> 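Provided herewith is a single structure, encoded as structure tokens, for subsequent inquiry.
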Amino acid sequence: MHGASSAKHMPSHMASSEQTENNTMRYTILDHPPWWEAIALGFQTYLTLLGSTVLIPFICVPPMGGSPTDLANVICTIFFVSGIITLLQTFIGDRLPIVQGGSFAYISPVLAIAAQIKATHTFASEQERFLFTMREVQGGIIGSGLIVMVIGLTGVIRPVLRAISPITVAANIAVLGLALYAVGFPGVAGCPQLGLMQIGWVILFSQYLKGVAIPLPRGLGKLRVFELFPVLLGILLSWFIAWLLTISGNYNSAAPEVQAACRTDQSSVLYNSPWFRFPYPGQWGPINISWGGTLTMLAGALPAMVESLGDYFAAADIAGAPVPPPGVISRAIALQGATCALAGAWGTTSGTTAYNENIGAMQITRVGSRRVIQLGAVCAVIMGLIGKFGGLFASMPNAMVSGLFCVMFGCICAVGLAQMQFADQRSNRNIFILGFSLYMGLSIPYYFGDFTTKNGSGPIQSSSLIFNNIFNSIFHTPAAVALLLTLFLDNTIPGSDQERGLHVWRTLVLDAEGKQTDWWEDDHLNRVYGLPFNGTRLYQR
């Protein structure tokens, strides 16, 4: 049956009425803000993700042998690709207001490949080493992405959801925020007057002044500017004050490390960025796809896939959308695998995932409109083409970036833990699994990283170099460790489906006779998750 009659008999967590919308949000998934506001909000969304987007190349490119020019080009590329794949996911994938971009889960595998190549190969120049390493990384990302795509296309993810409970998702997302503590306050402390100011502006605007409305001219009403643009306003104000302090000479006699954290003219990225550059697949040369690289990068691809699963449910809950049906999840995972292959072909140093930083931004700005994210993706594509834009924002003082990390990664951790609302939070079983997995998800990677730093190789040392690289990378990745532990413990320690929260995954729509029907037969679900131009219903018929 269609429309209201089928919605009437749906489970409460799948209700298709407008009651599913989050009343605390200013704009929910199907809302269309005025065009000027939507563009500004979309641009702000990418600004809030700026630090995360550029941090991946900043971490990966130098160890690969890349120069500042290579770094600037990779930054432009990752913005360009992020915009394209976000448009693909919001139109034909998950259709949720989530930005797609690089995943921190890929950093450890990339660094492992770079270290292995540096130790086992000889090159005439660092530029040659960078190009060789980039091609190896590209091949690994493409291969692992194709495996994820197969998981989505074959529908394997549906029975897998029986094993992945909200507990697994909670630990996997929360550990991503917690594992990045080293890039938070230590960076703020490098220039505390700037870093703390950045934190203070965002908290002030998003929490204390969110109810303040600014009157518009000509009787056009009032605009809650602080509620809508807390991060953008915080960045602009902090950057302007930092610029004033720089040109006034306040940091001229400061130590070099203080100048690097405080000054607005320290980065060479802006100077090395071209005015116009069109990224294209294979821009770094012939791509090398190998089983060793594919399996090594799979240590990042699988945690990134689980990270996206949690983001789908978190974003739907925040943006006022129904719980995503299993078919939509399969479609989104398949497309994520395909877009990972695209990212590998372009050479972004990372596969793709749903940005859980975006979830934190939605909670702060209270904007969950799909249209906003799509316009923001267009902005990202333009920024990727105009190299000076990427170079400009990549030149943001380090302390400001770290200040944003403190706010955003804290929200990511909280968004992950919020997934426990679907499970029994009073269960000793669940408390043990979550706590143990979070702690070991931080402690084991720390040991592997420290051992590798001191000894030049990981603690797993067998006769197979490929085996060593794969498993040293896995146990050096917090999300991978948390995923393995929660999967094992949650599926071996006895517990009911209700206790584990697995009932949330059962997104079945029932007709008037209580028989299973298809989610696209419900008008609201079809508007949220159906393909454009009523494509899902046309295809199913």
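In this text, all values refer to a predicted model and were calculated from it rather than measured experimentally.
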> Give me the atom names and distance for the closest heavy-atom approach of Val407 to Ile199.
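Where Val407 meets Ile199 most closely, the heavy atoms are CG2-CG2, 4.2 Å.
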
> CZ of Phe240 to OG1 of Thr264: how many Å apart, nearest 0.5 Å?
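Answer for the CZ-OG1 pair, Phe240 versus Thr264, is 11.0 Å.
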
> With a 4.5 Å cut-off on side-chain heavy atoms, are Arg371 and Tyr27 touching?
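No, every pair of side-chain atoms sits at 4.5 Å or beyond.
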
> Mark yes or no for whether Glu257, through its side chain, and Gly190, through its backbone, hold a donor-acceptor pair below 3.5 Å.
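The answer is no, because no donor-acceptor pair under 3.5 Å joins these two groups.
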
> Could you measure the distance from the OG1 atom of Thr339 to the CG atom of Leu88? Nearest 0.5 Å is fine.
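Atom-to-atom, Thr339:OG1 and Leu88:CG are 7.5 Å apart.
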
> Rounded to the nearest 0.5 Å, how far does CG of Leu153 lie from CG of Leu335?
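If we round to the nearest 0.5 Å, Leu335:CG and Leu153:CG are 9.5 Å apart.
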
> Should Asn398 and Arg263 be marked as a side chain to side chain donor-acceptor pair (under 3.5 Å) after you check the CA-CA gap, both sets of side-chain angles, and the distance that decides it?
CA-CA 9 Å; Asn398 295 337; Arg263 295 182 69 98; over 6 Å; no

> Flag the pair Pro286 / Arg135 as yes when at least one side-chain heavy-atom distance between them is below 4.5 Å, and no otherwise.
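Result yes, sub-4.5 Å side-chain heavy-atom pair found.
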
> Of all the heavy-atom pairs spanning Gly368 and Pro97, show the shortest one and how long it is.
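Nearest pair, atom of Gly368 first, then Pro97: O-CG, 3.2 Å.
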
> CE of Met64 to CD1 of Ile117: how many Å apart, nearest 0.5 Å?
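Those atoms lie 8.0 Å apart.
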
> Considering only heavy atoms from C-beta outward, does the side chain of Tyr106 approach that of Cys60 to under 4.5 Å?
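A side-chain contact is absent here, since even the closest heavy-atom pair is not under 4.5 Å.
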
> So do the side chains of Asp31 and Arg26 get within less than 4.5 Å of each other, counting heavy atoms only?
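They are not in side-chain contact.
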
> Does the gap between the ring centers of Phe80 and Phe278 come in under 6.0 Å?
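Ring centroids of Phe80 and Phe278 are less than 6.0 Å from each other.
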
> Quick one, Val110 and Glu136 - any side-chain contact, counting heavy atoms below 4.5 Å?
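They are not in side-chain contact.
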
> Are any non-hydrogen side-chain atoms of Pro281 and Gln283 less than 4.5 angstrom apart?
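The answer is no, as the side chains (C-beta and beyond) never meet within the 4.5 Å cut-off.
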
> May I ask you to decide if Thr77's main-chain N or O and Trp346's side chain share a donor-acceptor pair within less than 3.5 Å?
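No.
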
> Are the side chain of Ser144 and the backbone N or O of Ile141 linked by a donor-acceptor pair below 3.5 Å?
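Yes; judged by distance alone, with no hydrogens or angles, the pair exists.
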
> How long is the straight-line distance from CG of Leu375 back to NE2 of His32, given to the nearest 0.5 Å?
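Reported value, rounded in 0.5 Å steps: 9.5 Å.
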
> Looking at every heavy atom in both Asp94 and Gln89, which two are closest together, and how far apart are they?
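Heavy-atom minimum between the residues: N-OE1, 2.9 Å.
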
> Between Arg95 and Gly530 (side chain of the first, backbone of the second, donor and acceptor by atom type, cut-off under 3.5 Å), is there such a pair?
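Yes, because the side chain of Arg95 sits within donor-acceptor range (under 3.5 Å) of the backbone of Gly530.
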
> If we ignore angles and hydrogens, is there a donor and acceptor under 3.5 Å between the side chains of Thr353 and Ser308?
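Checked: Thr353/Ser308 side chains pair up, N/O donor to acceptor below 3.5 Å.
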
> Can you check whether Ala254's main-chain N or O pairs, donor with acceptor, with Gln259's side chain at less than 3.5 Å?
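Pair found, side chain donor or acceptor close to backbone of Ala254.
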
> Just wondering, more than 12 heavy atoms not from Tyr208 lying within 6.0 Å of its OH?
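12 or below, so no.
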
> What are the two closest non-hydrogen atoms of Tyr529 and Ala316, and how far apart are they?
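The answer is OH-CB, 3.7 Å.
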
> So do Met305 and Ile333 actually touch side chain to side chain, heavy atoms under 4.5 Å?
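Of all side-chain heavy-atom pairs linking Met305 with Ile333, at least one is under 4.5 Å.
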
> What orientation do Phe132 and Phe123 show, parallel under 30°, tilted 30 to 60°, or perpendicular over 60°?
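Phe132 vs Phe123 ring planes: tilted.
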
> At what distance, to the nearest 0.5 angstrom, does CD1 of Ile373 lie from CG of Leu87?
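Rounded to the nearest 0.5 Å, the CD1-CG separation comes to 10.5 Å.
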
> Quick one: are Met383 and Phe43 in side-chain contact, heavy atoms under 4.5 Å?
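Of all side-chain heavy-atom pairs linking Phe43 with Met383, at least one is under 4.5 Å.
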
> Specify the closest pair of heavy atoms between Tyr355 and Gly102, including all atoms of both residues, with the distance to one decimal.
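Nearest heavy atoms, Tyr355 then Gly102: CE2-O, 3.0 Å.
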
> Gln193 and Cys262: which non-hydrogen atoms are nearest, and at how many Å?
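Closest pair (atom of Gln193, atom of Cys262, distance): NE2-SG, 4.2 Å.
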
